[in-house]
2 protein chains.
Amino acid sequence: MAAESGTRARTRRAIVDAAVTLLAGDPTASLGDVATAAGVGRTTVHRYFPERSDLLAAISSDVLDKVEAATERARLDDGPAAEALERLCQEYFELGDGLTLMFDTPQLANWSDWDEETPADRHFLHTVRRGHAEGSIDAELHEEWVRNLVWALLYTAWEHTRTTGTPKHAALTLCLHTLRKAIAP
Amino acid sequence: MAAESGTRARTRRAIVDAAVTLLAGDPTASLGDVATAAGVGRTTVHRYFPERSDLLAAISSDVLDKVEAATERARLDDGPAAEALERLCQEYFELGDGLTLMFDTPQLANWSDWDEETPADRHFLHTVRRGHAEGSIDAELHEEWVRNLVWALLYTAWEHTRTTGTPKHAALTLCLHTLRKAIAP
DNA sequence: CCGTTATGGAACATCAATGCTCCACTCGGC
DNA sequence: GCCGAGTGGAGCATTGATGTTCCATAACGG
């Protein structure tokens, strides 16, 4: 909140970004590892985030912000709901490691001020219901299932690029192709 | 391998089973927690598995065995490939915590004698190719993608029961419904 | 160019998980 | 019912992560 000097802001970003990347690969990575990855001394990490939980909270908040921003860019209220979800998928896909982290470390939400219900989440579920009403999304698939499905597909797509070396765009195509067919009525 | 006395075999099972359940929920659970969950002393756990890695190897081997057994029960070579995959999905779904554990702790494979290629995996990929050939599975979806997709759907289904309280059978239905549509040509 | 600001590293205390040992106890199977 | 296999708990050493302090130094910015 309080404006930070340019230097401090930059260092803070470096630490958070490095932590996201590192923790996405190994949620048990030590703070020393994070410091090294960020190109910073362990002492400096502690200066910004006195306790591990402080760092996790910062990460959580950072990723949630990005999710919110991505959700807005997807313009969920424009056009058919099914197409809106595909746009959202593309936006979320760009989140990369942040996505992976949120997917397999849901406890992360607890470290931040997240009450189960973010605006992005509400907007997502609302869009699915709109799809049900207008008939562009299979009515048998509950909102929550569709949300979980989207996250799982995105996670799978990233995993797919890591293990098979498939290029990002190809993985995204597979992901969207699969989603489109899965949610079609 | 060497035949164990009934008592030892039972204790060993209790520890492994408890560990699977516990680690599925929290991969960082301590050996003390595992001992408590298994209803045995921490000393006993060490007697059976001198190091943590020994326990992980045992778990890995145990789960892999169950996967192999489930794969055989699915009779992948009978009938259309798409239907075979649905049967497999139902069998895998029954693995419960073991499934969750393998999904979000892939490193587990390293602790056992797993060379990237289990018979079950080979059989699975082969079945997908059969589906491509006979036209019952969308040819645009590579074998590896379908495999990852199936695991992700199963994981999501379990997650769905945990977070929304949906009954198991309903989650499985959603899972199968989604899979069927996703892999259809 | 100079002073404030930020950093890195060393050193230290703490803590929890682990791995290991010993011994008394009990429970299972003959 | 007896005896040995199997168990549990207390205790102890080790290790790695964490959190904290202090000081010398680097670099940022006016």
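Quantities reported herein were computed from a predicted structural model and do not represent experimental measurements. Throughout, protein chains are lettered first and strands after them, A, B, ... in sequence-line order, and every chain is numbered starting at 1.
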Going by number, which of residues 45-55 of chain A have a non-hydrogen atom under 4.0 Å from DNA chain C?
R47(A), Y48(A)
Short question: side chain of T105(B), backbone of L108(B) - any donor-acceptor pair under 3.5 Å?
no
Can you tell me if K66(A) uses its side chain to pair, donor with acceptor, with the backbone of L95(A) under 3.5 Å?
no
Starting the side chain at C-beta, find the nucleotide from dT7(D), dA17(C), dG29(D) nearest to T44(B).
dT7(D)
May I ask you to say whether R87(B) pairs ionically with D78(B), meaning some side-chain N is under 4.0 Å from a carboxylate O?
no
Does R42(A) make a side-chain donor-acceptor contact with the base of dG19(D), cut-off 3.5 Å?
yes
Please determine whether any donor N or O and acceptor N or O are separated by less than 3.5 Å between the side chain of T43(A) and the base of dG9(C).
yes
How would you label the contact of R10(B) with the nucleic acid (heavy atoms, under 4.0 Å): base, sugar-phosphate, or nothing?
sugar-phosphate
Taking the nucleotide of DNA chain C with the closest heavy atom to each, which residue, G39(A) or A29(B), is nearer the 5' end?
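Checking each residue's closest nucleotide, the 5'-ward one belongs to G39(A).
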Please check the phosphate of dC27(C) (OP1 and OP2 only) for any side-chain N or O of R8(B) closer than 4.0 Å.
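No, no such contact exists.
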Check whether the ring centres of Y92(A) and W151(A) lie less than 6.0 Å apart, and answer yes or no.
yes
Applying the side-chain contact (heavy atoms from CB on, under 4.5 Å) criterion to V34(A), which one of V20(A), L22(A), V40(A) satisfies it?
L22(A)
